[in-house]
Amino acid sequence: MSCTPEDLQKRCQELAAKWQTCTRQTGLDSFVEFAVSVSSFTEFLEGHGLSGLHQSAHSLEQKVLSLMDQLMDPSGGGALSADASTLLNAQVQEFAGRVQAFVQGHSSHLTERRHARDATPDAEPVSTLELPKNIAFVTDTPTAWKDLVAQVGFFHVQVEMVGTAQTLAAAPEPAMVLVDAANRPLTAFVAQVQTLRGQFSASNIVGVNVGVDFESQQQALSAGCDACFATGTQHAAIMARIVKLCSNEEEPAYRVLVVEDSKTAGAMIRRTLSEAGIESLAITRPQDVLTALVSFQPDLVLMDMYMPGCTGVEVTRVIRQHAEFLSTPVVYLSGDSNVALQVDALRLGGDHFLTKPFNPVILNAVVKSKIDRYRTLRRTMLHDSLTGLLNHTTSKQQLQSAINAARLDGSTLCVAMVDIDHFKSVNDTYGHPMGDHVIRSLSWLLKQRVRKTDAVGRYGGEEFVVILPGALSEQAYTLLDRIRVDFSRIRHPVDDGWFSSNFSGGIAQWNADLDSEALLKRADEALYQAKRAGRNRLQVLQSGSQAK
Ligand SMILES: Nc1nc2c(ncn2[C@@H]2O[C@H](COP(=O)(O)OP(=O)(O)OP(=O)(O)O)[C@@H](O)[C@H]2O)c(=O)[nH]1
């Protein structure tokens, strides 16, 4: 979680202020502003993994949106009834109270974490010192989970195990609470999830060993589980969820290009988007669309349907001539429902129509859901399915971009090729699925230890590429050697015990004479030398050609 107590407090105060305005001015406009604020806060909480608060905000949002629907209905009278207002006021106060309690209970803890982060020594510029995360595990059969708990420990995640009859300490809140549903009635499991949901405002609550039937899963989710893993789920899947939650990955902000000839309408749309934390750029001339797409790289285009000289569909037709924008979602804003134009627009991959005047909450929800789908699609195209790292092609493109940036700003750059040692014998001895698990473990470790500006790709089967902009070879060596040692300490569980694995790595520092192919070749050459020198080691090729 990377939001501060101040962020939460500020948003909560904004929401309360909007509600106050609503109670003073009974019109629709102020209520819509309040609804946008509730909706945006709800998404903010979800985006920051504050699950319990998110669920409270979501139920408030549902209430507010249904009231907004009534207010917008011409027969609705345009104002809240006194009863509805009193009930809503109680719900707003209850929600605000829960946020305040959370902020007060956690500000000292979060502040400590911030100070620890600030104190990170400058001497380690290429390594993000991840602070330990804690998770709790509520189960009566701890031995069944000992391998998973040991694995999690290698990623600096601390686990507190408690029995189902015990109580967890209220603070600090665990990043995740795993609740075992095995060997007890569904009602008892559901009741415990509800209690935990009430106790923890931020923690992810995840059910494990939940029945595969609809009823068990539906009840677990309704009780407050953020996810549930059915009986028989591989521990690797649960492990992946834990590592993801405890990793330092953050989704970049949503980006929207608004093509709208009216400056006033464009500004209004941008304001609505920004309330929901969406970055945007507005252009008024359709002719500027290609330049804007290239420079702004939006996740979605909001397109006015009617502009002087051309329709939105014609603009989209031009956009679709460019391969890199073939799948960029386009949402049309239209004042009418011209069926012929809509059919044309859909054939060109138009994703949605919103009729003006648009409902801001719906606009933000449509934009975000389309962007989520688009990003998921891109992720599967650009990332490797086993590890979630960049795939071979994307890794090479990423390296080229990093070299371009280093050329521009005169900075340094290092590349490492990392290859698991004797991996064939891991597969031969323990089986291919265990081999996959080892590959995943290394990818998690690499991803967890590099900075957000670095990149890690799966270059081949058991070979990885690590791109470290701004790093000197000595720094790259220090970072990767620490990872090498930590990886060799991971105990991979097998029936009658465990085994460990190690890797070799080759590091090359970029200089202005090298293109991406040449740089990768040098890192590969260094890797070859590391293998020849006995494996489980790193080799550096300096910008000259001598191996160190
Ligand atoms: N489990 C699993 N194995 C893979 C995957 N991709 C490649 N491999 C295996 O990785 C092994 C690579 O073996 P080699 O290239 O001989 O290298 P090595 O045994 O690691 O030996 P050195 O690199 O010389 O230390 C082969 O057995 C491949 O089948 C994968 O996605 N999953």
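When reading the values below, keep in mind they use all heavy atoms of this one structure, side chains included, and skip hydrogens, waters and symmetry mates. First listed ligand is number 1; within each ligand, the first listed atom is number 1.
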Requested in this report: Taking the side chain as every heavy atom from C-beta outward, state whether Val206 and Ile238 have any pair of such atoms under 4.5 Å apart.
Outcome: no

Query raised in the report: Which residue supplies the protein heavy atom nearest to atom 13 (O) of ligand 1, what is that atom called, and how far is it?
Result: Lys424 CB, 3.7 Å

Query raised in the report: Side chain, backbone, both or neither: which part of Val426 comes within less than 4.0 Å of ligand 1 when only heavy atoms are counted?
Result: neither

**Report entry** Distance filter under 4.0 Å to Gly435 heavy atoms, resulting ligand 1 atoms
**Finding:** 1 (N)

Query raised in the report: Checking salt bridge (Lys or Arg N to Asp or Glu O under 4.0 Å) against Asp299, which of Lys368, Arg373, Arg375 comes through?
Result: Arg375

Query raised in the report: Looking only at non-hydrogen atoms, which of Lys531, Met434, Glu462 approaches atom 14 (P) of ligand 1 most closely?
Result: Glu462

Query raised in the report: Starting from atom 24 (O) of ligand 1, which protein heavy atom do you reach first, and at what distance in Å?
Result: Arg535 NH2, 2.8 Å

Report task. Could you check if a side-chain atom of Val450 sits within less than 4.5 angstrom of a side-chain atom of Val466, using non-hydrogen atoms only? Result -> yes

Report summary line: Note: heavy atom closest to atom 7 (C) of ligand 1, options Ser425, Gly431, Gly461, Pro433, belongs to Gly461

Query raised in the report: Passes side-chain hydrogen bond (donor to acceptor under 3.5 Å, both in side chains), Asn404 versus Gln400? Steps please.
Result: CA-CA 6 Å; Asn404 294 345; Gln400 191 53 58; 3.1 Å; yes

Requested in this report: Specify side chain, backbone, both or neither for Asp436, according to which of its non-hydrogen atoms lie closer than 4.0 Å to ligand 1.
Outcome: both

Report task. Please indicate whether Gln234 has more than 12 foreign heavy atoms, meaning atoms of other residues, nucleotides or ligands, lying under 6.0 Å from its CD. Result -> no

Report summary line: Numbered in order shown, the ligand 1 atoms found under 4.0 Å of a heavy atom of His422 are 18 (P), 19 (O), 20 (O), 21 (O), 22 (P), 25 (O)

Query raised in the report: Do the non-hydrogen side-chain atoms of Leu168 and Phe137 ever get within less than 4.5 Å of each other?
Result: no

Report task. Considering only non-hydrogen protein atoms, determine which one is nearest to atom 1 (N) of ligand 1 and report residue, atom name and distance to 0.1 Å. Result -> Asn427 OD1, 2.9 Å

Query raised in the report: So, is the end of the Arg255 side chain (NZ or CZ) under 6.0 Å from the ring centre of Phe296 and within 45° of the ring's axis?
Result: yes

Report task. Can you establish whether the number of heavy atoms outside Arg378 located under 6.0 Å from its atom CZ is more than 12? Result -> no

Query raised in the report: Can you find an N or O of Phe423 that's nearer than 3.5 Å to an N or O of ligand 1?
Result: yes

Query raised in the report: At a 4.0 Å cut-off, with the gap strictly under it, does some heavy atom of Arg458 reach an atom of ligand 1?
Result: yes

Query raised in the report: Going by the atom numbers of ligand 1, which of them fall below 4.0 Å from some non-hydrogen atom of Asp419?
Result: 23 (O)

Requested in this report: Give the numbers and elements of all ligand 1 atoms closer than 4.0 Å to a heavy atom of Ile420.
Outcome: 20 (O), 23 (O)

**Report entry** Atom CG of Asn183 with >12 non-hydrogen neighbours under 6.0 angstrom
**Finding:** no

